[in-house]
Amino acid sequence: MDRLRIRGGKPLHGEIPISGAKNAALPLMAAGLLSAEGLTLDNVPDLADIASMSQLLGVLGATIESKPDPSGRGRQLLIRADRFTSFEAPYDIVRKMRASVLVLGPLVARGGQARVSLPGGCAIGNRPVDLHLMALEEMGAEILLEAGYIEARAPKGLKGARVAFPMVSVGATENALMAAALADGETVLLNAAREPEIIDLAACLTAMGAKIEGAGTDTIRVRGVTSLHHARHTVIADRIETGTFAIAAALTGGDVELVGADLEHIAAAAAILEDAGVSLTPTARGFRVARANGRLEGVDVMTEPYPGFPTDLQAQFMALMTTAKGAAMVTETIFENRFMHVPELARMGANINVHGASAMIRGVERLKGAPVMATDLRASVSLVLAGLAAEGETLVNRIYHLDRGYERVEAKLGACGADIIREPGG
Ligand code: UD1
């Protein structure tokens, strides 16, 4: 298993190209199952999770051609699902990547059946799929849970329905949206997620011929059509990668231009960063981020569904607060057990106390390098950020989590002056 060796203390200077969004690309790939005519996706990031989704689509009978994106950004995927050879998403793939459950809606909507392994336990708490199943049941699917698998059937196709989500779920909204695109009649999704990735999925489905209104608001209306056609769609920039590198620049006291980034998609995080003393300036190609002057101030933050502060930036923001002046309270409202980076940051000298869903961070002058262990995707990158700012050497072990969601992270940071190398072992 690879690890990263980081010698901290070098401010980042330069530019970082922002990749296509993993969390937009995964549902878009699943949407490729909805049409017999193929789907071309541009600006797809080259990541382990994308490879897992490609493998899953392959198991279901789709073919995937992957080549460098002609625009020079990421990969271009041509997904062709003329017919299904299987309706099963096996445990071995689903356990590696929870987003595999996104094939459920498309399989039932177009193929009338699906057998998808339950994702099971996950490092960041119990993450059920009840809302995904509720939406499909409202649309007329029969669902059984058998031997760790979701068995869904809709032999006569899905029917439009009113689906009122009791809580906001990104994945359940995406599954419902894809299923509704091919259902008979109108579907209304209430309390739908409003993330930019939902808007991107709706834009792609619309380009494929779906009839969707209201994506990006909490009420989405879908008029089902009988089939979808080929479309070509460009994946949006990754707002979590954007926020992560913005925090890296701020934490190291550097000055970096994030090229291709969309500041609007991280508006809540940007406002918090500005409160802490980070300056963000729009440029023609994205935006520049720098620490305005001296030490940052501690600022409280609470994670919320979009447009609130994203849970996927919580660990990185906590790393930033470890050396801020005063105290900061970070409250996690989306996932339980998402503070696994805390003991690792403490090994580097951070002063953090966790009380239930909140963590109180009292800023220290400087972090100190240490060997640390990556636990989940965003926790891993928070340790990399801490290592960039720490005095001495940090070894981040078990970085396979990082490779699921960050493309060429050491190359992107290294190009801005970070002393970071990947080595085998750990
Ligand atoms: C997506 C993102 C993930 C991000 C999360 C929240 C992808 C591939 N992943 O995950 O990076 O951290 O949104 O922004 O886009 N829940 C239920 N029942 C369900 C579904 C969800 O109780 O059926 C709960 C979850 O346990 C969690 C909350 O709802 O507490 C939000 O989860 P959800 O928005 O569904 O996250 P994902 O779509 O899994």
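It should be emphasised that the depicted structure is a prediction, and the values quoted were computed from it without experimental measurement. In what follows, every heavy atom counts, from backbone to side chain, and hydrogens, waters and symmetry copies are set aside. Counting starts at 1 for both ligands and their atoms, following the listed order.
Selection from Val101, Ile334, Leu26 by nearest heavy atom to atom 30 (O) of ligand 1 gives Ile334.
Side chain to side chain, His233 and Thr40 fail the donor-acceptor criterion of an N or O pair below 3.5 Å. There is no side-chain donor-acceptor pair under 3.5 Å between His401 and Asp376. A side-chain donor from one of Thr331 and Ser358 sits under 3.5 Å from a side-chain acceptor of the other.
Neither the backbone nor the side chain of Glu174 has a heavy atom within less than 4.0 Å of ligand 1. Within the 4.0 Å heavy-atom criterion, both parts of Val170, backbone and side chain, lie near ligand 1. Proximity of Ile240 to ligand 1, defined as any heavy-atom pair under 4.0 Å, is not found for any part of the residue. Residue Asp312 touches ligand 1 through its side chain alone, judged by heavy-atom distances below 4.0 Å. Of all the heavy atoms of Gln314, none lies under 4.0 Å from any atom of ligand 1, so neither backbone nor side chain is involved.
For ligand 1, the polar-atom distance check against Thr311 finds no nitrogen or oxygen pair separated by under 3.5 Å. Residue Arg378 has no N or O atom closer than 3.5 Å to an N or O atom of ligand 1. Among the atoms of Phe335, none of the N or O lies under 3.5 angstrom from an N or O of ligand 1. The distance criterion of under 3.5 Å between nitrogen or oxygen atoms is not met by Met167 with respect to ligand 1. Below 3.5 Å of separation, one finds no N or O of Ala172 facing any N or O of ligand 1. Residue Gly171 has at least one N or O atom closer than 3.5 Å to an N or O atom of ligand 1. Residue Asn23 places at least one N or O, backbone or side chain, under 3.5 Å from an N or O of ligand 1. Where the criterion is an N or O separation shorter than 3.5 Å, residue side chain and backbone included, Glu195 fails it with respect to ligand 1.
Residue Arg98 places a heavy atom less than 4.0 Å from ligand 1. For the ligand labelled ligand 1, residue Arg338 lies inside the 4.0 Å heavy-atom shell.
If you look at Phe317 and Phe309, their ring centroids are closer than 6.0 Å.
A salt bridge links Glu15 to Arg285: one of the charged nitrogens lies within less than 4.0 Å of a carboxylate oxygen. For Arg75 and Asp69, the salt-bridge test fails: no basic side-chain N is under 4.0 Å from an acidic carboxylate O.
The neighbour count for Arg5 CZ, taken as heavy atoms of other residues, nucleotides or ligands under 6.0 Å away, is above 12.
Considering all non-hydrogen atoms of both residues, Pro106 and Leu34 come closest at CA-CD2, 3.6 Å.
Annotation: cation-pi pair Arg115/Tyr149 present, NZ/CZ under 6.0 Å from the ring centroid and within 45° of its normal.
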Pair Val372, Met348 - check side-chain contact (heavy atoms from CB on, under 4.5 Å), show working. CA-CA 8 Å; Val372 288; Met348 301 177 71; 4.0 Å; yes

